[in-house]
Amino acid sequence: DDERVLTPAELAGRIEESLRRLGTDVIDLYNFHGVLPSQYRATRDTLVPELRRQREKGNIRFVGITERFNADPQHAMLAQAVTDDCWDVVMVGFNVLNQSARERVLAHTQAKGIAAQAMFVVRNAFSKPDRLAEVVAQLIDKGHVDPADVDLADPLGFLLADGVATSLADAAYRFCRDEAGIDVVLSGTGSIEHLEANVASILRPPLPAAVRDRLVRIFDGVDSVTAQ
């Protein structure tokens, strides 16, 4: 059952199994991963007390929660979570095309001292030009993007002009790295070369302020896509 929430006993057992398999005495960060809005209250009320017990036992150090961004691009779950005082870390979907976490999640995590990991920083739309054009066209049709702000044939082409970025992925990583409230930019890949390229992008200088401001202006009203 995709909606079912573990029992406290099941959670305790899984933590013990994780400790055994990892060969460690303590888990630095234990995340409730991919929590749906409908699961949040049960997760908080039923399982957070067990994690507190596990922390008192010394099995874990910090407690986190992550959203299921593909199913929840508007951050309905994390909008609930950030009003509570039980989370040390959140993992949130954030990228050039969907910046809605800025006000809905990150403004609150900064105010409360909650760390934030950014996921979905780069997805298909940043590596496949046809997919990017399709996504932007859909956003225009929905009234979320002003067609006057983009060249539909090459919506983010300005990021590659005048040496601003080496690729759309490079620009996407740098855009997210410099977002206030994001502490960790996640990069998922099975390739060492790809990982090294991503790290190189994250370490490059910030995007020019005018370029960053343009990206914020174009996609300010978007909360319906994930860029996947």
Side-chain angles (χ1 to χ4, degrees), residues 1-22 24 26-95 97-121 123 142 144 176 179-186 188 220-228:
D1 184 354
D2 193 45
E3 292 277 340
R4 189 179 83 86
V5 173
L6 296 176
T7 67
E10 287 174 322
L11 176 60
R14 293 195 180 188
I15 291 173
E16 292 295 337
E17 177 66 9
S18 294
L19 289 167
R20 185 190 65 78
R21 294 179 64 185
L22 291 168
T24 186
V26 62
I27 296 169
D28 287 318
L29 170 60
Y30 196 94
N31 277 324
F32 290 120
H33 188 56
V35 178
L36 293 167
S38 58
Q39 297 171 313
Y40 176 71
R41 183 171 294 181
T43 300
R44 179 196 63 194
D45 296 347
T46 304
L47 298 182
V48 168
E50 178 59 32
L51 281 193
R52 286 176 174 154
R53 285 191 287 271
Q54 293 290 328
R55 181 152 55 187
E56 290 170 0
K57 292 171 62 177
N59 287 340
I60 63 173
R61 290 197 175 101
F62 299 102
V63 178
I65 190 166
T66 87
E67 65 186 0
R68 200 174 306 185
F69 191 44
N70 272 326
D72 185 16
Q74 298 175 338
H75 317 291
M77 187 282 291
L78 284 180
Q80 299 177 68
V82 294
T83 66
D84 293 321
D85 294 323
C86 50
W87 309 110
D88 302 306
V89 183
V90 300
M91 185 188 297
V92 60
F94 185 87
N95 58 48
L97 299 184
N98 186 340
Q99 305 169 32
S100 60
R102 180 178 294 117
E103 297 300 328
R104 299 177 189 180
V105 178
L106 298 176
H108 301 280
T109 57
Q110 291 178 84
K112 301 183 81 167
I114 301 170
Q117 302 170 311
M119 61 177 169
F120 279 72
V121 170
R123 280 299 190 264
K142 293 177 181 179
H144 296 167
C176 294
E179 181 66 29
I182 289 179
D183 300 289
V184 174
V185 174
L186 299 174
D220 182 58
V222 176
D223 66 1
S224 59
V225 300
T226 65
Q228 180 67 324

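The figures that follow rest on heavy atoms only: side chains count, while hydrogens, waters and symmetry mates do not.
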About how many Å separate [atom2] of [Y] and [atom1] of [X], when rounded to the nearest 0.5 Å?
X      : Y      : atom1 : atom2 : answer
Arg123 : Asn70  : CZ    : CG    : 7.5 Å
Met91  : Phe69  : CE    : CZ    : 13.0 Å
Glu67  : His75  : CD    : NE2   : 5.5 Å
Arg41  : Thr46  : CZ    : OG1   : 11.0 Å
Gln80  : Thr43  : CD    : OG1   : 10.0 Å
Glu103 : His108 : CD    : NE2   : 8.0 Å

Tell me whether Glu50 is salt-bridged to Arg53, with the criterion being a basic N under 4.0 Å from an acidic carboxylate O.
yes
May I ask you to say whether Glu17 pairs ionically with Arg14, meaning some side-chain N is under 4.0 Å from a carboxylate O?
no
Please check: side-chain N/O of Arg68 versus main-chain N/O of Val35, any donor-acceptor pairing under 3.5 Å?
no
Any donor-acceptor N/O pair, Asp88 side chain to Gly64 backbone, under 3.5 Å:
no
Show your working on side chain to side chain contact (heavy atoms under 4.5 Å, CB included) between Val225 and His144 and close with a plain yes or no.
CA-CA 11 Å; Val225 300; His144 296 167; over 6 Å; no
Which atom pair, heavy atoms only, marks the closest approach of [X] to [Y]?
X      : Y      : result
Glu179 : Leu106 : CG-CD1, 3.9 Å
Trp87  : Ile114 : O-CG1, 3.6 Å
Ser224 : Asn98  : N-ND2, 4.1 Å
Leu47  : Leu6   : CD2-O, 3.2 Å
Asn95  : Leu97  : OD1-N, 3.0 Å
Ala101 : Gly93  : CB-O, 3.9 Å

Within-4.5 Å side-chain heavy-atom neighbours: [X] and [Y]:
X     : Y     : result
Ile27 : Leu19 : yes
Cys86 : Val63 : no
Phe32 : Leu51 : yes

Paired with Val90, the side-chain contact (heavy atoms from CB on, under 4.5 Å) test is passed by just one of Asn31, Thr66, Ile65, namely Ile65
Check against side chain to side chain contact (heavy atoms under 4.5 Å, CB included), Asn59 and Glu16
CA-CA 8 Å; Asn59 287 340; Glu16 292 295 337; 3.3 Å; yes
Pairs involving residues 75-85, ordered by first then second residue, that meet salt bridge (Lys or Arg N to Asp or Glu O under 4.0 Å) (sequence neighbours left out):
Arg44-Asp84, Asp85-Lys112
Going by ring pair (Phe, Tyr, Trp, His ring centres under 6.0 Å), name the residues that satisfy it together with Tyr30, two or more places apart in sequence or in a different chain.
none
